Amino acid sequence: MKKALIPVLAIAAASVAVPAAAQNYDRHDRGDRYEQNRGGWQSISQRKYQLDRRIDVGLRNGSLSRREASRLQVQLNSLIRLERNYMRGGLTRWERNDLDQRYDRLAVQVRMERRDRDNRRY
């Protein structure tokens, strides 16, 4: 019984260790959110979805007025159009950084608008 258990445990340990060893741990390009998702970074599609969801939730729970939500949604849609234009020729490093900064600024705007309490009925 012990002789059969040792190879099974060795195979189980190897099956866990091999995928972990195959991961790319390149630390030189940490700011590249478009191709990697580690350390809390999100892909561009996740960021778009999350911003859209935050705007929708803010509108539904009353932390965003209709005017604020529509303005933020227009900004998000224009950012999506800009991204599509950039992607026609392939994204350069500058374009990726530009999109990252724009998505960051929009995320800050959404956060500020949801917390400014100018539409709450207290």
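Fair warning: this is a prediction, and the values are worked out from it, not measured in the lab. The analysis underlying the following values was restricted to heavy atoms, covering all of them including side chains, and did not include hydrogens, waters or symmetry mates. Counting begins at 1 with the first residue of the sequence.
- By the side chain to side chain contact (heavy atoms under 4.5 Å, CB included) test, Asp56 is found to be paired with Arg60, residues two or more places apart in sequence or in another chain being considered.
- Residues satisfying the side-chain hydrogen bond (donor to acceptor under 3.5 Å, both in side chains) criterion with Arg67, sequence neighbours excluded, are absent altogether.
- When hydrophobic clusters are built by joining Ile, Leu, Val, Met, Phe, Trp and Tyr residues whose side-chain heavy atoms come closer than 4.5 Å, directly or via intermediates, Met112 is not grouped with Leu64.
- Cluster annotation: Tyr49 is not connected to Ile80 through the hydrophobic network of ILVMFWY side chains, with a link wherever side-chain heavy atoms come within less than 4.5 Å.
- Taking OG from Ser65 and CD from Glu113, the interatomic distance works out to 7.5 Å, rounded to the nearest 0.5 Å.
- The CZ atom of Arg84 lies 8.5 Å from the CZ atom of Arg81; values are rounded to the nearest 0.5 Å.
- Between Arg96 and Asp100 there is no salt bridge, since no side-chain N of the basic residue sits under 4.0 Å from a carboxylate O of the acidic one.
- Shortest non-hydrogen contact noted between Leu76 and Lys48 is CD2-O, 4.2 Å.
- Pairing each heavy atom of Ala69 with each of Leu59, the nearest pair is CB-CD1, 4.0 Å.
- Transitive grouping of hydrophobic side chains (ILVMFWY, heavy atoms separated by less than 4.5 Å) keeps Leu72 and Val57 in distinct clusters.
- A 4.5 Å side-chain heavy-atom check between Leu82 and Glu95 finds every atom pair outside the cut-off.
- Shown here for Arg114 and Arg54, the closest heavy-atom pair between the two residues is NH1-O, 3.6 Å.
- Residue Gln50 holds its CD atom at 11.5 Å from OG of Ser45, rounded to the nearest 0.5 Å.
- Separation of atoms CZ (Arg102) and CZ (Arg47) is listed at 13.0 Å; rounding is to 0.5 Å.
- Atoms CZ and CG, from Arg111 and Leu106 in turn, are 10.5 Å apart once rounded to the nearest 0.5 Å.
- Side-chain heavy atoms closer than 4.5 Å link hydrophobic residues (I, L, V, M, F, W, Y) into clusters, and following such links, possibly through other members, connects Trp94 to Leu79.
- Contact detail for Gln73 and Asp52: the closest heavy-atom pair is OE1-OD1, 3.0 Å.
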